[in-house]
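Since the structure comes first, as C-alpha cells, the remarks are kept for the end.
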Amino acid sequence: MTAVLSGTELARNLRAEVTAAAAALTGAGTSARLAVVVATDDESSAWYVRSIAGAARKTGIDCDVVDLGPQAKPGQIRAALAALSEDPAVHGIMLQTPLPDGAHFEDLASAIAPEKDVDGANPLSLGRLSAGLPAFAPATAAAVLALLDHYDVPLAGRTAVVVGRSNVVGKPAAQLLLQRDATVAVCHRHTKDLAALTRPADVLVVAVGQPGLIKAEHVGPDAIVVDVGTNPTADGGLVGDVDERAVSGRAGGLTPVPGGVGPVTTALLLRQTIQSAAGRFP
Ligand code: NAD
C-alpha cells in the first residue's frame, strides 16, 4: 500500500499559525506585507501570483503585485527589487518567473535584501544555506522537508536522492536534506541510468517538470516519494513528474499533485514573510 502524503492538513495548520501571527503583528502596529515583482504576461505565472496574493490576504498579509510588464528591462527589475528592499513597509519580496529575454534570475535576485528574501532567491541565501548559516530557504524546498517531517519520515543516515538541480528547488532541497544528516545524491538531465541511482533511495524527491518521468523501475520498495513537479494538462489540470499509477503499490508513500507540495509551499512563503515582519531572520 502506498500512503498518500497529502499537504492539505499541514498547509491548513501553517495557514492558521500565520493568521494568528499576522493578527498579533497587526495588533502591535505592523502590517505584514509581501511584494511580488512580475515581468511577464505568462498565463500560468499570473494564475500562481493570484493564488499567492489571495492566500496572503486570507491570512492577513498585504500583498502588492508590482507588474513591470513583459517588456521590462533587467535594470528596471533590479531597481524595483532594490527599492522594495529599502522600503520599511515591505517585509517579503518575491521575483516571479519567467523573466524577459536577457534577464537573469539569480543576477536580479541578488538585489533582494537577504532578510526580505522570503523565497530564498538571492544566491546569498542559497550560499548561506549551503554553509549551514541562517537564511530563508526557497519555500518549495522548505515544503519538501516540512512534508517529510509532518509524516515523521526519518532522514538521518537515510539515502535521499533528489532529481533536478535548479537553484530554487533541487539544490536547496539537497542542502536541507544534508543538514538533516541524510546521505544525498543529486541527479539531473545528464545523469546516466537514472533508475540505477534513484532505486536505492529511502527518500526520493523529484523536481524536474516532466510528467511520468518516474516509473516503477525508478522506485525502491517502500521508498517515500515527494513529487514537486507541476505540469499543466490539456484539460486544465495538473500532474506531477511521477507516474502515480506505476509507483503506487511499490512506494511507501507519495505526495499527490495537486495537493502535495504546492499548498505547503504557499503557506511557508507566508510564514517566512511573517518571520521577516516580526524581525525574526531565521
Ligand atoms: P528547472 O527547469 O529549473 O529544473 C529542472 C531540473 O530537472 C534541471 O536541473 C534538469 O537538469 C533536470 N532534468 C531535466 N530532465 C531530466 C531528466 N530526464 N532526468 C533527470 N533530471 C532532469 O525546474 P524547477 O524550477 O526546479 O521546477 C521543477 C518542477 O517543479 C517543475 O515542474 C515546476 O513547475 C515544479 N515546481 C513546483 C513548485 C511547487 O510549489 N509545487 C514550485 C517550484 C517548482
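Just so you know, ligand 1 is whichever comes first in the structure, and atom 1 is the first atom listed for that ligand.
- Within the 4.0 Å heavy-atom criterion, the part of Thr140 lying near ligand 1 is the side chain and not the backbone.
- Taking atom 44 (C) of ligand 1 as the reference point, the nearest protein heavy-atom neighbour is Val169 CG2, 4.0 Å.
- Atom 23 (O) of ligand 1 has its closest protein heavy atom at Val208 O, 4.1 Å.
- Side-chain contact check for Ser125 and Asp117: at least one donor-acceptor pair (N or O, by modelled atom type) lies under 3.5 Å.
- Within the 4.5 Å cutoff, side-chain heavy atoms of Pro282 are placed close to those of Gln275.
- Between the side chain of Arg33 and the main chain of Thr273, no donor-acceptor pair closer than 3.5 Å is present.
- Ligand-side atoms of ligand 1 in range of His188: 11 (O), 19 (N), 20 (C), 21 (N), 22 (C), range being under 4.0 angstrom from any heavy atom.
- Taking 4.0 Å as the cut-off, Thr191 does not count as a neighbour of ligand 1 on heavy-atom distance.
- The backbone N or O of Leu194 lies less than 3.5 Å from no partner atom in the side chain of Thr191, so there is not a single donor-acceptor pair.
- No side-chain donor-acceptor contact under 3.5 Å links Asp119 to the backbone of Ala121.
- Checked by atom type, the side-chain pair Asn167/Glu106 shows a donor-acceptor distance below 3.5 Å.
- In this structure, the protein non-hydrogen atom closest to atom 9 (O) of ligand 1 is Arg165 N, 2.8 Å.
- Under the 3.5 Å distance criterion, with hydrogens and angles disregarded, no donor-acceptor pair is assigned to the side chains of His91 and Glu115.
- Of the heavy atoms in Gln210, only side-chain atoms (C-beta onward) come closer than 4.0 Å to ligand 1.
- Protein heavy atom at the shortest distance from atom 10 (C) of ligand 1 is Arg189 NH2, 3.7 Å.
- Set against the non-hydrogen atoms of Val163, the atoms of ligand 1 under 4.0 Å away are 20 (C), 21 (N).
- Polar contact with ligand 1: absent for Tyr48 (N/O pair, distance under 3.5 Å).
- Salt-bridge formation is detected for the pair Asp149/Arg180: a Lys NZ or Arg NE/NH1/NH2 atom is positioned less than 4.0 Å from an Asp or Glu carboxylate oxygen.
- Judged by distance alone, the side chain of Lys116 and the main-chain N or O of Ser85 form a donor-acceptor pair under 3.5 Å.
- A donor-acceptor pair is defined here as one N or O able to donate and one able to accept, closer than 3.5 Å; such a pair exists between the side chain of Asp202 and the backbone of Thr159.
- Close approach of ligand 1 to Val228 is summarised as follows: ligand atoms under 4.0 Å from at least one heavy atom of the residue are 30 (O), 35 (C), 36 (N), 37 (C), 41 (N).
- At a 4.0 Å heavy-atom cut-off, ligand 1 touches Thr265 through the side chain alone.
- Below 4.0 Å from some heavy atom of Gly262 lie the following atoms of ligand 1, by number and element: 40 (O), 41 (N).
- Between Thr230 and ligand 1, a contact under 3.5 Å exists for at least one N or O pair.
- Those atoms of ligand 1 that come under 4.0 Å of a heavy atom in Leu213, given as number and element, are 18 (N).
- The ligand atoms of ligand 1 that sit less than 4.0 angstrom from a heavy atom of Gly209 are 29 (C), 31 (C), 32 (O).
- Not a single heavy atom of Gly170 sits less than 4.0 Å from an atom of ligand 1.
- In this structure, the protein non-hydrogen atom closest to atom 4 (O) of ligand 1 is Ser166 CB, 3.8 Å.
- Proximity of Thr266 to ligand 1, defined as any heavy-atom pair under 4.0 Å, is not found for any part of the residue.
- Close approach of ligand 1 to Val168 (heavy-atom distance below 4.0 Å) involves ligand atoms 25 (O).
- At least one donor-acceptor pair closer than 3.5 Å links the side chain of Gln76 to the backbone N or O of Lys73.
- Side-chain N/O atoms of Ser44 and Asp42 include a donor and acceptor closer than 3.5 Å.
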